[in-house]
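What follows is a short report on a single structure.
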Amino acid sequence: MEAWWTTVLAGEADEPHPIHGDRLIVRLDDGTLKVSGEVQTSRDRDELLKQARARVGRGINEVDSSALGVVGAKEKAGVLEQVLVAAFPNQETAELALKFVLERSRTAPRQKVILTSSGRRPRLKSIPEGFDADVRTYLDKGRAVLVLRVDETEAYRVRGLLEEDTRSLWTVAAPPQVGA
């Protein structure tokens, strides 16, 4: 994150924001740091502005966030949840993927489990029906399987991170179900 801010202050803000991507535009204009676009939550907006304001006095006179918005929630959070399952080469990679997903998505999973074969048959109670055979296949090959139960409103973004950014070997999403 610090490296990204350094490139912005150097006037080379060609790279998308590490968390918010292309939905966020930050540029330096005559001593004013102009922040525009959209972020997912009010908490994201507050954190971003805190980071921007921390740079005032170091080549920045003020921060203009008048064009920065928060995406309006289309679905009501807390109603449905979804289970995401992803396979990784080993437990260490699964742990790194979990850390990456939690940092980037800023979501709080209702459940997070890493399954490994480790010589005994793991209980697959956290795996949705219909996926247990696939999970067993990966575990029998010595792979690790990450299981996340997240709010359905966050599932699309979390699955994208698992599938594209962590380069999981296999990623599936169970159909949404009413939350517990």
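The structure presented is a predicted model; accordingly, all values stated were derived computationally and were not measured.
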ask   = Which atom names give the shortest non-hydrogen contact between P18 and M1, and what distance separates them?
value = CG-SD, 4.0 Å
In one Ile/Leu/Val/Met/Phe/Trp/Tyr side-chain cluster, 4.5 Å: V56, V26 = yes
Side-chain heavy atoms of E95 within contact of K99, under 4.5 Å = no
Steps toward side chain to side chain contact (heavy atoms under 4.5 Å, CB included) verdict (I19, D44) = CA-CA 10 Å; I19 294 173; D44 289 341; 5.8 Å; no
task = Locate the shortest heavy-atom distance separating A52 from L33; write the atom from each residue and the value.
result = CB-CD2, 3.8 Å
note = When every non-hydrogen atom of H20 is compared with those of R23, the smallest separation belongs to O-NE, 3.3 Å
inquiry  = Run the salt bridge (Lys or Arg N to Asp or Glu O under 4.0 Å) test against E62 and tell me which residues pass, sequence neighbours left out.
reply    = none
query = Does G69 offer a backbone N or O that forms a donor-acceptor pair with the side chain of E38 under 3.5 Å?
reply = no
inquiry  = I want to check something: taking the side chain as every heavy atom from C-beta on, are L49 and L68 in contact at a cut-off of under 4.5 Å?
reply    = yes
message = Are the side chains of D151 and E81 in contact, using a 4.5 Å heavy-atom criterion?
response = no
message = Going by salt bridge (Lys or Arg N to Asp or Glu O under 4.0 Å), name the residues that satisfy it together with R157, two or more places apart in sequence or in a different chain.
response = E154
inquiry  = Please find the pair of heavy atoms, one from S117 and one from G142, that lie closest to each other, and give the distance.
reply    = OG-CA, 4.2 Å
task = Evaluate the ring planes of W170 and Y138, with Trp represented by its six-membered ring, and classify them as parallel (under 30°), tilted (30 to 60°) or perpendicular (over 60°).
result = parallel
request  = Sequence neighbours left out, what passes salt bridge (Lys or Arg N to Asp or Glu O under 4.0 Å) with R143? Give chain and number order.
outcome  = none
inquiry  = Checking side-chain contact (heavy atoms from CB on, under 4.5 Å) between R55 and each of V63, L28, L9, V8, which is the one that passes?
reply    = L9
ask   = Closest heavy-atom contact between R45 and V70?
value = CD-CG2, 3.8 Å
ask   = Quick one: hydrophobic cluster around F88, which other residues, with the 4.5 Å side-chain cut-off, linked directly or via members?
value = L84, L98, F100, V101, L102, I114, L146, L148, V150, V158, L161, L162
message = Which residues pass the salt bridge (Lys or Arg N to Asp or Glu O under 4.0 Å) test with D29, not counting sequence neighbours?
response = R27, K34
inquiry  = Under the rule for side chain to side chain donor-acceptor pair (under 3.5 Å), what residues qualify as partners of E47, not counting sequence neighbours?
reply    = Q51
task = For D134 and T137, test the side chains for any donor-to-acceptor distance below 3.5 angstrom and give the result as yes or no.
result = no
task = With the side chain counted from C-beta on, respond yes when Q82 and P176 share a heavy-atom pair under 4.5 Å apart, and no when they do not.
result = yes
message = Between I127 and V83, does the side chain to side chain contact (heavy atoms under 4.5 Å, CB included) criterion hold? Intermediate values first, please.
response = CA-CA 8 Å; I127 302 297; V83 176; over 6 Å; no
Minimum heavy-atom distance between L115 and L139, given as atom pair plus value = O-CD2, 3.5 Å
